[in-house]
Amino acid sequence: MSEKPNVISSINKYQEIKKRLESKFNEQLRKRMFIIQKKVVDGSSPPSVFVGQEGYPKVRVGPMIPAQHGNTAIMDLPEKWKGLSLEEIANYRFSLIRGISTIKIENVTGKYIETLQEMVMSKRAIESEMQFDDLIIENQKNFHGGLNMEHSPFGPSAYIKSFTIANPSIDKRIENMFYEKDIISTDAIMNLYKNNIEISRISKVFSLGMLGKNKNRKLVPTRWSISAIDDIISKNLLRIISSLPSVDTICAFKYNHLANYYSIILLPSDRWEFEMIESWHDQDKTKNNNNPFNSHLNYVIVSDYENEKKIVHSPKIAGAFFAARLAITEYFSKMKRKAAVLIFREIHPDYLMPLGVWQIREGIRAALKENKKEFENFKDASMYALEDMLVPKESWIKTSKIYDLFKNQTRITEFLG
Amino acid sequence: MVFQLRTKSPDEWKAVTSAISTLVDEATFEATVDGVSFRGMDPSHVALIDIFWPNSAFDRYECDKLIKFGVRIDEFSKLIKRAEKKDSIEIDITDDSMLQMKIFNGYKKEYKMRLIESISSSTPLPKLTFNSKIILSTTAFDRILSDVQVLSEYVTIETRPKNIRFLGKGDSGEADILLDSESEGLEELICNEESKSTYSIDYLLKIIKAVGGSGGAISAEYSSKMPLRLEFKVANIGRIHFYLAPRVQD
């Protein structure tokens with residue numbers, strides 16, 4: 001099979017970025033380790049916190065602070081990362097040094113946690129300092145280790161001895177919900193969302209047990225918190241959307257960033273039908289192949305689907321499902337319309353490390369702002385949606401539940417004679 | 001403009017609105033000297049409802065020219081539901097685009113509801129010839145479809161001169177239901193040509209549950225790989241037809 005020209009340039013770019021990224025990571029790591037060895041880091045936290053899931057219900061909680069001062073907000077604000085390259089984002093993230101302290105999830109008070117809570121309520125980056133214990137350091141050996149799909153990567157970690165912050169300028173919208181201890185967390189989350197607090201900030205606040213009824217507050221590992229927020233907000237939006245009228249025509253949207261290709265098809269429907277199909281290249285199979293883009297056999301393809309009965313199992317595509325659902329429901333509530341939704345996401349090998357599900361949320365948000373194309377029928381819409389994908393059309397279609405639901409369904413208008 | 005419709009009970013309105021509500025949120029009714037009609041498709045154009053309600057079915061019917069009026073179905077049926085079985089209902093359209101509903105009971109209830117913009121385009125009917133026809137009691141039809149739905153989202157209806165089969169196939173297994181002239185609930189079976197076609201159970205059950213309660217039997221007519229037409233026999237309403245497009249395999 002002949003290679004598409006853009007594929008060849010992707011391969012070269014891929015090898016090049018991979019090398020650069022690895023050396024950058026190692027260089028950053030050396031620098032940070034050197035700083036950690038001095039047992040103290042002071043800098044402006046974006047603000048940023050991290051709650052690990054290992055050891056649950058005793059979790060490792062702490063701030064993330066870069067060894068630099070000034071406006072570092074961008075380092076932990078994915079909503080502002082649109083248009084940045086993978087390297088730029090990775091570099092921001094690698095600069096964050098994570099302090100950790102082991103705490104039971106029920107302990108949402110006490111000086112340490114309260115300082116963290118105060119920190120994430122800060123309107124802007126905040127001067128902070130952490131001192132470390134006797135050099136018990138954890139780090140990712142290479143940039144493939146210690147990463148997962150939901151949250152963004154970060155630099156090395158060390159156990160904290162003490163932690164202080166400057167006096168923050170508090171965001172009133174968050175503070176109000178923090179002190180509102182009689183409403184359930186869902187209502188508090190929706191309140192923050194409606195008050196235009198970024199999703200990434202809501203999930204930080206939620207992870208530190210700052211929302212909901214007092215007795216129910218607890219620490220939530222960052223990874224779970226991100227998906228919980230996407231899930232809760234989109235479910236709430238869906239309740240309103242279900243009574244809205246359907247879109248009138250079949251339409252499709254496309255967008256790609258960070259080596260992730262998105263295509264979205266909206267189909268007129270009175271029922272909520274939502275499917276996301278993802279494909280990526282199998283690392284094991286591509287290992288012995290110099291050209292990871294080339295083979296048609298080296299990909300994995302999976303689908304998750306739900307209708308009015310919301311998904312009950314953990315999605316195979318994990319937090320990506322909820323992040324995508326959030327972006328879609330947000331669009332529908334703005335447009336005052338509903339539809340059946342089919343999302344295709346192709347992850348190319350030059351997506352060298354998972355950057356977090358924010359990139360799915362933002363990718364789909366961006367797609368829905370791009371040119372909308374309307375179609376007469378589902379088949380044409382699918383052809384358009386899949387024309388740039390490396391994985392063959394038939395594989396996507398064979399995997400799709402919605403394609404099966406809609407494609408084989410004729411329409412009354414075909415029988416008008 | 002002269003326009004006033006009066007019915008002896010809310011039942012007909014209930015049947016009409018619940019039928020329409022299975023497909024759309026907003027409906028435009030059309031009234032002429034002859035009667036009231038509605039025709040509309042769901043957003044995905046898989047199903048169509050065609051209703052005609054002749055002037056003779058009303059207690060009082062006054063309409064001197066073509067009038068279109070649009071309502072939000074859920075709001076409209078909320079008002080209808082405030083009437084009890086023996087209440088008569090009177091509907092007027094006022095000049096300021098309001099629908100006025102009077103319910104006569106022990107006392108007079110009067111509602112006013114804002115009309116919505118009516119849709120001007122009319123929906124044409126599909127051109128169909130039917131090779132098979134069955135008449136089933138509502139209960140039997142409901143039960144058979146529910147039986148199949150346990151395993152499948154679609155039902156394949158296979159009609160032969162002597163019997164009819166309802167088949168379903170899902171990820172976990174298959175359902176097969178056979179009815180012949182002896183079977184309970186099957187009131188009529190006409191087969192001019194063997195017919196086999198597949199339809200979405202969800203659409204069928206929704207409409208049967210919405211309208212079935214108001215009537216006795218349901219007639220279903222279709223041909224192979226062609227739309228199905230259900231006819232609901234509701235007292236006083238000339239015609240409630242429900243068309244459903246088939247599913248086909250490539």
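Only heavy atoms go into these numbers, but all of them, side chains included; no hydrogens, no water, no symmetry mates. In what follows, every chain begins at residue 1, and chains take the letters A, B, ... in the order their sequences are listed.
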Self-check item: Polar contact flag, side-chain donor to acceptor under 3.5 angstrom, Glu193(B)-Ser223(B)
Solution: no
Quiz prompt | Interchain contact, Ser243(A) with chain B, by part (heavy-atom threshold 4.5 Å) | solution = backbone
Self-check item: Segment of Asp202(B) engaging chain A (4.5 angstrom heavy-atom cut-off)
Solution: side chain
Practice problem: Give, as side chain, backbone, both or neither, the part of Glu26(B) having an atom under 4.5 angstrom from any heavy atom of chain A. | Solution: neither
Please report, to 0.1 Å, the donor-acceptor pairs under 3.5 Å made by any side chain of residues 367-379 of chain A, with sequence neighbours excluded.
unit_1, atom_1, unit_2, atom_2, d
Asn377(A), OD1, Lys379(A), N, 3.2
Asn377(A), OD1, Asp380(A), N, 2.8
Asn377(A), ND2, Asp380(A), OD2, 3.4

Quiz item: Using 4.0 Å as the upper bound for N to carboxylate O, is an ion pair formed by Asp231(A) and Lys235(A)?
Solution: yes
Quiz item: In terms of heavy-atom pairs under 4.5 Å with chain B, which of Gln409(A), Arg411(A), Glu414(A) leads?
Solution: Gln409(A)
Self-check item: Electrostatic pair Glu153(B)-Arg247(B), nearest N-O below 4.0 angstrom
Solution: no
Quiz item: Contact part of Ile250(A) toward chain B, heavy-atom cut-off under 4.5 Å: side chain, backbone, both or neither?
Solution: neither
Practice problem: Would you check if the distance from the ring center of Phe253(A) to the ring center of Tyr331(A) is below 6.0 Å? | Solution: yes
Self-check item: Tyr154(B) portion near chain A, given a 4.5 angstrom heavy-atom threshold
Solution: side chain
Name every donor-acceptor pair, under 3.5 Å, that has one atom in a side chain of residues 139-146 of chain B and the other anywhere in the protein, sequence neighbours excluded.
unit_1, atom_1, unit_2, atom_2, d
Asp142(B), OD1, Ser146(B), OG, 3.2
Asp142(B), OD1, Lys209(B), NZ, 3.1
Asp142(B), OD2, Lys209(B), NZ, 3.1
Ser146(B), OG, Asp142(B), O, 2.8

Quiz item: Which one of Leu405(A), Val247(A), Thr413(A) has the most heavy-atom pairs closer than 4.5 Å to chain B?
Solution: Leu405(A)
